[in-house]
There are 2 protein chains.
Amino acid sequence: MGEMSEQKRPATRADEIRQVIEKEIFQGNLRPGTRLDEESLAARFGLSRTPVREAILQLVFSGLVVKKPRQGAVVAPLDLHRMVQMFEVMSEVEGLCARYAARRMSPDEKTNLADLHGKAARMCEARDLDEYYAVNRAFHDAIYDGSHNEVLQEMARSLFARLAPYRRYQLNHPHRVDGSFAEHGEVVAAIAAADPDRAQAAMRKHVTIQADIFAEFVSIMS
Amino acid sequence: MGEMSEQKRPATRADEIRQVIEKEIFQGNLRPGTRLDEESLAARFGLSRTPVREAILQLVFSGLVVKKPRQGAVVAPLDLHRMVQMFEVMSEVEGLCARYAARRMSPDEKTNLADLHGKAARMCEARDLDEYYAVNRAFHDAIYDGSHNEVLQEMARSLFARLAPYRRYQLNHPHRVDGSFAEHGEVVAAIAAADPDRAQAAMRKHVTIQADIFAEFVSIMS
DNA sequence: AAGGCAAAATTTGTGTGCAAGATGCCGAAG
DNA sequence: CTTCGGCATCTTGCACACAAATTTTGCCTT
């Protein structure tokens, strides 16, 4: 239930490679714009180009990588215009998850969510950004699960993944964790009270704030 | 603008094959559950297994095909539970498209939408189901475009594509076209009036009705 | 006759080679 | 000095071949 890693079965080599590259993109080891050369990746993993190629294709369809027909693949570069749109959709999708969660979460799920929020409180107080980031992901995951709609969950997780490489930046804002934690509290309260409208509004606001901070960040960068 | 075909660049053979298989799934030539044998497909297209394989991988990630690790690929079988969830999400996503469209559509786009609705009126009156279906798709596409959010558009189109094989069934309901047309009218009016709330509600209702009819259909089938 | 085990056959996953397309460089012409 | 065109090189796209795995079939045992 509180599962946040989805490495279910590296049944095939291509899936293995995909998961590794995915992880490296999330962690920032592979920056947006980095070229993904099939041959060097094949050499690195001790495999042939074929599974590497399939892994890259999967990443292309997940949106993390872009690939021009005969020109190779690169980690999806930061496109400000598109980022704004993704955050806009993300706020709606997460809002919907929270709305459904407020209606459908079981008592156990609600307790679990409250526990996660409690753990986040300790991380927030200890100013442990890395751990807070991890708990934050678990928190959002719990709400995705709480929607009890797998299709919506997949959408949310896909968006979360595609935004992950950039979301990290905002944590540099020193007081952001406090704000984030407080907003989470609103959502938890609304879900506990089984109030869909309030849950949706609170979550939308939470993500919108993140989007604003991100926009501010990129405006400084450019 | 009113473009509904997205065969932009058959740059690579794999993309060609994917588009063909996609089309066949939509048209019902390839029923859910049908096995997709790499070798026979390769023979049919006069190519090797490699591009066929890549095409299938793409279809897997688009959700139209499922594939168990060493067990081959089949056209995604009808999963009632999942279908219900997809319709639920579809109603929200289309509702959001309509909401944004009401706020963001240009005068030209609004006229185009009205024209499409007018064309649908003639098809509806003539009881030309096939043509109505085509115009219906163009209508929804126009609203997706009107949202002016490419990420949201992609989501909507992906869902529309995955539901297409089943959506066709509901048109058998003789009087459904009249209802569908009337609901479209509500949406057009709300968008013309630039009323986001009303547009969203009308579109949500429209899709929800489709979902109900679909649910009714499958309950009869089983 | 029925059930289980084993071996063969079919099918997918991976490795390798070759050809086509694209990028970059270098030279020549304006 | 700049710009355009042709060539070289590199990378991807596709074909083909081999290996691994799963399913099916047939035989043997109970």
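Letters A, B, ... mirror the listed sequences (proteins, then strands); counts begin at 1.
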A.B. asks: Let me know the distance between CD of A:E38 and P of D:dG13, rounded to the nearest Å.
C.D. replies: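 Spelled out: CD on A:E38 to P on D:dG13 is 6 Å.
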A.B. asks: For A:Y132 and A:S180, work out which heavy atoms get closest and say how close.
C.D. replies: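 Shortest heavy-atom contact: OH-OG, 2.9 Å.
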A.B. asks: side-chain hydrogen bond (donor to acceptor under 3.5 Å, both in side chains), that's the test. Do A:R204 and A:Q200 meet it? Break it down for me.
C.D. replies: CA-CA 6 Å; A:R204 272 198 51 171; A:Q200 181 173 20; over 6 Å; no
A.B. asks: Tell me which residues in residues 41-63 of chain A lie within less than 4.0 Å of DNA chain C, going by non-hydrogen atoms.
C.D. replies: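 Hits under 4.0 Å, by residue number: A:L47, A:S48, A:R49, A:T50, A:P51.
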A.B. asks: Tell me whether A:S147 contacts the main-chain N or O of A:I143 through its side chain, where contact means a donor paired with an acceptor under 3.5 Å.
C.D. replies: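 Checking the backbone N and O of A:I143 against the side chain of A:S147, no donor-acceptor pair under 3.5 Å is found.
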A.B. asks: What are the two closest non-hydrogen atoms of A:E109 and A:R104, and how far apart are they?
C.D. replies: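 Residues A:E109 and A:R104, closest heavy atoms: OE1-O, 4.1 Å.
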A.B. asks: What is the distance, to the nearest angstrom, from the CD atom on A:Q71 to the C1' atom on D:dT12?
C.D. replies: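 The answer, rounded to whole Å, is 11 Å.
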A.B. asks: On DNA chain C, nearest-nucleotide positions of A:R70 versus B:A73: which is more 5'?
C.D. replies: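 Result of the comparison: B:A73.
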A.B. asks: Could you check how far CD1 of B:I17 sits from C1' of D:dG13, rounded to whole Å?
C.D. replies: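 In whole Å, D:dG13 C1' lies 12 Å from B:I17 CD1.
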A.B. asks: Quick check for you: name the first and last nucleotides of DNA chain C, 5' to 3', having an atom under 4.0 Å from a heavy atom of chain A.
C.D. replies: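 Range of nucleotides touched by chain A: C:dG13 to C:dT23.
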A.B. asks: To the nearest 0.5 Å, how far apart are CD in B:E38 and OG1 in B:T50?
C.D. replies: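 B:E38 atom CD to B:T50 atom OG1 measures 9.0 Å (nearest 0.5 Å).
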A.B. asks: Looking at every heavy atom in both B:F26 and B:A161, which two are closest together, and how far apart are they?
C.D. replies: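 Smallest interatomic distance, heavy atoms only, reads CE2-O, 3.3 Å.
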A.B. asks: How many whole angstroms separate atom CD of B:E39 from atom C1' of D:dA17?
C.D. replies: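 Interatomic distance, CD of B:E39 to C1' of D:dA17: 12 Å.
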A.B. asks: Looking at every non-hydrogen atom in both residues, tell me the closest pair between A:E150 and B:Q85 and how far apart they are.
C.D. replies: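 In terms of heavy atoms, the two residues are closest at N-OE1, 3.0 Å.
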A.B. asks: Quickly work out the A:L36 CG to D:dT11 P distance and round it to whole Å.
C.D. replies: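 In whole Å, D:dT11 P and A:L36 CG are 14 Å from each other.
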A.B. asks: Check the pair A:E92 / B:Y100 against side-chain hydrogen bond (donor to acceptor under 3.5 Å, both in side chains), numbers first and verdict last.
C.D. replies: CA-CA 12 Å; A:E92 301 288 0; B:Y100 286 130; 2.7 Å; yes
